[in-house]
Amino acid sequence: RLRPILLLKVEIQAISSSQWAQKMSKLSEKHHIISNSQYGGRKGRQAQSAVLNKILYYDINNQFVTDYTIIDEDLKANYDRELCTLSALEARKAGAPYDASVFMINFIKSQEFHVKTKYGVSNTSFGYKDNDPIWGLGQGLAWSGESWKAASSTIDQCMKEKCSGMKFVSPDNTVMVNKLMDLYIDDSAQGCNYTTDGKTLLEQTEYNLQLHAQLVYATGGQLALDKCKYYDIRHTFEKGIPRFLNKNEFESVLWVQKDFQSEKEMIKLLNFDETHKTLGYFVCPSGNQADTVKQLSQLAQKWVTRIQSSSLKDFEILLAYETVLLRQWAYRLPGSALTYDQCDQIMKIVEPTLINAMHSQRNISRTLLYASDVYAGMGFKHLYDFAAEEKMKFLAMHIKRNDTTGKLLRISMQATQLQVGSELPFYNLSYDTYSSLCTSTWFTNLWSYFDSRLLSMDMAIGITFQRQREHDRFIMDLLTPHFTSEILSKINRVRLSMKVLTLADIVDNDGRKLLPGVA
């Protein structure tokens, strides 16, 4: 065991190492050493943005009816497995001094590990030996996060040089996003919607995952293949309407080695409507919100139970609602697509507690609960409004930054604009009239909120399309007032199949005759 004076010396050096870790972080960002794919432990990068990226990958691929794969990966005890010598080199590249890198290696080599059980701590220990080296950055140490961010960025660079990922292009070809992976510390997700060298989509996906597994293993880490899962999304058309294929309608098996010697293992395949948990969210390609509703309901019920068993005063209950439950909800709402009925179902769990804390009888009109004080209401915010506010914050932030998430949002929005086929921004049109013409997405859920609250928005980001000539008209704007939603949907599918938007696409210069081949 280390003596107190040695412990003090190590603590002082560790503090110095912590300071260098902070400098490493700043230098890495300044010189763009950290990959743009890494979202964890970086200023201005939120976990919700990484989740929103994945949701937009689903949305855009579904909008363009593109087959694709998405893999969710998990690393096994990552910080406890990384090679310190490699991490020291990565740290040097990121700006750490030589002495700090050497100290990191010596510190790890000098550690003694004891086993703690309910019967106490073991007297014997194990540690690094030349004939049996035990490496690992260590959980909670200053250099761990920064060194892994640099190492994961190197892995990401190698992947980009060898792999095919996903390409997204806006309908007007002004916005393009190339993406292979998104990382949040040691959690990662990779996708594929195009191939190279004649591979099938599944073969390309298997190649990408195998290379990533080997690169991770080369750094000392290892994929936890039993925790990895993937979607293989394939579409088909029935009477001109696209739909997802169930996983039992086609064969899809993904085999991967976790290192260079072991046997291949099969990765779990999820159906298009099965959700998986990632960074506290439940997401899936179909946009199924059932597990999200269940999660938010459980948080509400847990809060109510604790309040009922507490001795908090009325004003403390209201404060707890604002500072505890709403904060727990707020993290999970930016990536949601909840309907009013789903939000109302959740609110009914907490309403009796809130009404009681306001000294009102339980059968009062719920309108008073959510009305502002201008109308003698209690001023509570409905979850439906709260969710829209949280989504708007991320929408405004990413559109303003024009980062990867912002570009994905623009591509998805313009794809919806093309599907709707109107000259006006779709999000200022009637949701009930036009929503049947387009694919349901993260943003169309926000559109439904705008329409229900009689709101309009001016984003000025150029998602609309221009007339091709004077007196030109958009086809769907002409037809919408005269047909039912069912007939309009059929007409719109034909229009999209023909790739036409305005009358100029189908009539001659005089506007009196259809072009050859249109009829």
Side-chain angles (χ1 to χ4, degrees), residues 32 34-40 45 49-75 149 151-170 173 175-216 218-219 223 225 228-235 252 254-256 267 269-270 272 276 278-279 283-285 398 402-412 415 442:
H32 306 290
I34 306 302
S35 168
N36 188 50
S37 301
Q38 180 62 262
Y39 281 77
R45 298 290 186 107
S49 297
V51 176
L52 186 52
N53 279 358
K54 185 180 292 186
I55 293 171
L56 291 169
Y57 300 151
Y58 297 147
D59 287 348
I60 298 171
N61 280 312
N62 295 340
Q63 287 175 289
F64 289 105
V65 198
T66 304
D67 294 344
Y68 61 100
T69 60
I70 298 284
I71 310 173
D72 231 45
E73 303 176 40
D74 192 17
L75 302 188
K149 282 195 297 183
S152 64
S153 297
T154 300
I155 292 174
D156 184 58
Q157 182 179 353
C158 295
M159 291 284 292
K160 288 178 179 177
E161 292 177 359
K162 297 292 184 179
C163 301
S164 300
M166 295 180 289
K167 286 183 179 179
F168 303 104
V169 183
S170 63
N173 294 315
V175 184
M176 179 181 294
V177 173
N178 288 312
K179 202 68 176 177
L180 175 62
M181 300 183 68
D182 273 335
L183 312 170
Y184 193 85
I185 307 298
D186 59 344
D187 289 329
S188 60
Q190 61 169 285
C192 182
N193 65 5
Y194 75 100
T195 66
T196 57
D197 302 327
K199 298 185 184 72
T200 65
L201 192 63
L202 193 62
E203 288 171 344
Q204 184 69 58
T205 302
E206 188 171 276
Y207 174 84
N208 295 351
L209 181 58
Q210 185 62 73
L211 179 59
H212 189 233
Q214 292 173 346
L215 290 171
V216 168
T219 68
L223 288 186
L225 296 183
C228 296
K229 56 196 79 72
Y230 79 105
Y231 292 102
D232 188 349
I233 304 301
R234 306 188 190 186
H235 300 86
S252 178
L254 199 59
W255 294 92
V256 179
I267 306 300
L269 172 64
L270 299 178
F272 69 90
H276 72 283
T278 174
L279 300 179
V283 298
C284 75
H398 288 299
N402 197 32
D403 54 11
T404 298
T405 311
K407 292 176 180 178
L408 289 170
L409 283 166
R410 292 181 62 181
I411 293 173
S412 178
W442 180 88

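Looking at every heavy atom in both residues, F64 comes nearest to A415 through CZ-CB, 3.9 Å. Closest approach of D182 and A50 over heavy atoms only: OD2-O, 4.4 Å. Closest approach of L215 and C158 over heavy atoms only: CD1-CB, 3.8 Å. Of all non-hydrogen atoms in A213 and V256, the two that sit nearest each other are CB-CG1, 4.2 Å. The shortest non-hydrogen separation linking S252 to L202 is OG-CD1, 3.6 Å.
A distance of 7.5 Å separates CD1 in I233 from CG in N62, rounded to the nearest 0.5 Å. For the atom pair I70 CD1 and C284 SG, the distance stands at 12.5 Å (nearest 0.5 Å). Expressed to the nearest 0.5 Å, how far NE2 of H212 lies from CD1 of I71 amounts to 10.0 Å. N61 contributes atom CG, which lies 11.0 Å from atom CG of L56 (distance to the nearest 0.5 angstrom). Rounding to the nearest 0.5 Å places CG of N193 at 9.0 Å from NZ of K167. One distance of note links CG of L209 with CE of M159; it measures 8.0 Å at 0.5 Å rounding.
Counting heavy atoms from C-beta on, the side chains of L269 and L254 never come closer than 4.5 Å. Looking at T195 and T205, their side chains never come closer than 4.5 Å, going by heavy atoms from C-beta outward. Side-chain contact between S35 and K160: present, with at least one pair of heavy atoms (C-beta onward) separated by less than 4.5 Å. Residues Q204 and T196 meet the side-chain proximity criterion, which asks for heavy atoms closer than 4.5 Å. Annotation: side chain of Y207 is in contact with side chain of C163 (closest heavy-atom distance under 4.5 Å). With a 4.5 Å cut-off on side-chain heavy atoms, E73 and K229 do not count as touching. L270 is not listed as a side-chain neighbour of Y230, based on a closest heavy-atom distance of 4.5 Å or more. Between C192 and L201 there is a side-chain heavy-atom pair separated by less than 4.5 Å.
Residues passing the side chain to side chain donor-acceptor pair (under 3.5 Å) test with E206, sequence neighbours excluded: none. Under the rule for a side-chain contact (heavy atoms from CB on, under 4.5 Å), the partners of S152 that lie at least two apart in sequence or sit in another chain are Q38, W148, L183. Judged as a side-chain contact (heavy atoms from CB on, under 4.5 Å), and not counting sequence neighbours, the contacts of T278 are K54, D72, H276, V283. Scanning for side chain to side chain donor-acceptor pair (under 3.5 Å) contacts around D59 gives an empty result, with sequence neighbours left out.
At least one donor-acceptor pair closer than 3.5 Å links the side chain of N208 to the backbone N or O of S164. Of the possible polar contacts, one joining the R45 side chain to the N36 backbone as a donor-acceptor pair under 3.5 Å is found. In this structure, the side chain of D67 engages the main chain of H235 through a donor-acceptor pair within 3.5 Å.
Residue pairs meeting the salt bridge (Lys or Arg N to Asp or Glu O under 4.0 Å) criterion with at least one partner in residues 183-205, sequence neighbours excluded, are D197-K199.
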Which atom pairs, donor and acceptor, lie under 3.5 Å between side-chain atoms of residues 405-412 and protein residues at least two apart or in another chain?
unit_1	atom_1	unit_2	atom_2	d
T405	OG1	N53	OD1	2.6
R410	NH2	I461	O	3.1
S412	OG	Q63	OE1	3.0

Take Y58 and Y68, measure what side chain to side chain contact (heavy atoms under 4.5 Å, CB included) needs, and give me the verdict at the end. CA-CA 9 Å; Y58 297 147; Y68 61 100; 3.7 Å; yes
If you apply the rule side chain to side chain contact (heavy atoms under 4.5 Å, CB included), what do you find for Y39 with T404, and how did you get there? CA-CA 11 Å; Y39 281 77; T404 298; 4.1 Å; yes
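Of the residues listed (F168, W442, Y231), the one engaging Y57 in a ring pair (Phe, Tyr, Trp, His ring centres under 6.0 Å) is F168, and it is the only one.
D156 and S37 share a donor-acceptor pair across their side chains, judged by distance under 3.5 Å alone.
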